Chemist: 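Here it is, the structure, as structure tokens.
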Amino acid sequence: IGGKNAGDAVDLLISNKHVNEFIIAKKLDLTINQTRNVLYKLADEGLVSSIRKKDKKKGWYTYFWIFNVEKALLLLKKNLIKDLENFENQLNSREVKQFYTCTICHAEVTEETALLHDFTCPECGEIYVLKDSSANISEIKGAISKINTKMKEVAEQLIVVEAKKAKKMERERKKLEKEKAEKRKKAAEARKKTAAAKRKLL
């Protein structure tokens with residue numbers, strides 16, 4: 001997604017803190033424009049986000065970047081589902097259809113294609129041989145098993161991320177409630193003082 005330097009950039013961003021883009025550029029040994037180009041590509045997919053801060057001395061704005069773990073996991077899940085569907089289609093095709101090969105050209109064709117050419121390779125004239133697809137089926141099943149394992153890991157990580165997000169939201173809610181309670185308390189105290197001052201005047 002982000003090009004050859006994206007992996008190294010992400011390694012620098014996997015933390016709970018925002019990282020200065022100039023530090024990223026220095027560690028990647030890239031210019032600031034090259035670094036931003038990588039980060040913008042990742043940002044387009046929602047994998048990274050930034051906040052902007054103004055340098056008090058120099059007066060310009062600097063961007064601080066952070067990696068979005070949840071978005072990355074969801075994108076990985078989406079790609080794994082796509083791969084899984086692809087392999088399941090291949091498996092279904094191998095289990096249902098028959099395939100033929102040319103022993104000279106090593107070309108593989110479906111039964112329909114073989115029948116179309118009278119079971120003769122149009123390239124070299126060799127007779128097609130029925131292929132044993134058991135090895136392919138075994139290989140595809142192995143790939144499906146690996147994807148399912150990865151899917152399980154991603155699901156577990158998403159649960160962890162969601163739990164962290166829920167805790168953070170709860171902390172923010174409690175903080176907001178505390179601030180509101182303090183404001184109400186101060187307002188009540190101010191009203192009391194005002195009432196007391198009015199009584200003295202009376």
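Just so we're clear, the structure is a prediction, and the values are computed from it rather than from any experiment.
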Chemist: Take Lys82 and Glu85, measure what salt bridge (charged side-chain N to carboxylate O under 4.0 Å, His left out) needs, and give me the verdict at the end.
Modeler: CA-CA 5 Å; Lys82 198 184 290 181; Glu85 288 173 353; over 6 Å; no

Chemist: Return the minimal non-hydrogen interatomic distance between His18 and Phe64, and the atom names on each side.
Modeler: CD2-O, 3.3 Å

Chemist: With rounding to the nearest 0.5 Å, note down the distance linking CG in Asp132 to CD1 in Ile137.
Modeler: 8.0 Å

Chemist: Let me check something: any side-chain donor-acceptor pairs from residues 31-51 under 3.5 Å, sequence neighbours excluded? List them with distances.
Modeler:
from, atom 1, to, atom 2, distance (Å)
Thr31, OG1, Gln34, N, 3.1
Thr31, OG1, Gln34, OE1, 3.3
Gln34, OE1, Thr31, N, 2.9
Thr35, OG1, Thr31, O, 2.9
Arg36, NE, Glu21, OE1, 3.2
Arg36, NE, Glu21, OE2, 3.3
Arg36, NH2, Glu21, OE2, 2.8

Chemist: Give, for atom CZ of Arg171 and atom NZ of Lys174, the distance between the pair rounded to the nearest 0.5 Å.
Modeler: 10.0 Å

Chemist: Kindly compute the distance separating CG (Asn86) from CD1 (Ile140), expressed to the nearest 0.5 Å.
Modeler: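 The CD1 atom of Ile140 is 9.0 Å from CG of Asn86, to the nearest 0.5 Å.
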
Chemist: Is the side chain of Thr194 donor-acceptor paired with the backbone N or O of Ala190 at a distance under 3.5 Å, no angle test?
Modeler: yes

Chemist: Once you round to the nearest 0.5 Å, how far does CD of Glu156 lie from CG of Leu73?
Modeler: 11.5 Å

Chemist: Minimum heavy-atom separation for Leu80 to Ile147, with atom names?
Modeler: O-CG2, 3.7 Å

Chemist: Can you list the steps and then say if Lys183 with Glu179 is a salt bridge (charged side-chain N to carboxylate O under 4.0 Å, His left out)?
Modeler: CA-CA 6 Å; Lys183 282 180 182 178; Glu179 287 172 356; 6.0 Å; no

Chemist: NE2 of His106 to CD of Glu123: how many Å apart, nearest 0.5 Å?
Modeler: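 Here the interatomic distance stands at 13.5 Å.
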
Chemist: Working note: Thr120 + Asp118, criterion side chain to side chain donor-acceptor pair (under 3.5 Å); need CA distance, chi angles, decisive distance, verdict.
Modeler: CA-CA 5 Å; Thr120 304; Asp118 294 324; over 6 Å; no

Chemist: Salt bridge (charged side-chain N to carboxylate O under 4.0 Å, His left out) for Lys97 and Glu108? Distances and angles first, verdict last.
Modeler: CA-CA 13 Å; Lys97 296 178 181 179; Glu108 181 185 87; over 6 Å; no

Chemist: Locate the shortest heavy-atom distance separating Phe99 from Ser93; write the atom from each residue and the value.
Modeler: CZ-OG, 3.6 Å

Chemist: Identify the heavy atoms of Ala72 and Phe67 that sit nearest to each other, and give their distance.
Modeler: CB-CZ, 3.4 Å

Chemist: Can you name the closest pair of heavy atoms from Lys77 and Val154 and give their distance?
Modeler: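 So the two residues come closest at CB-CG1, 4.0 Å.
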
Chemist: Roughly how far apart are Leu76 CG and Lys150 NZ, rounded to 0.5 Å?
Modeler: 7.5 Å

Chemist: Checking side chain to side chain donor-acceptor pair (under 3.5 Å) between Glu170 and each of Arg173, Lys168, Lys167, which is the one that passes?
Modeler: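 One option only clears the test, and that one is Arg173.
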
Chemist: Provide the closest heavy-atom pair for Leu115 versus Phe119 in the form atom of the first, atom of the second, distance.
Modeler: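 Heavy atoms only, the tightest pair is CD1-CE1, 3.5 Å.
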
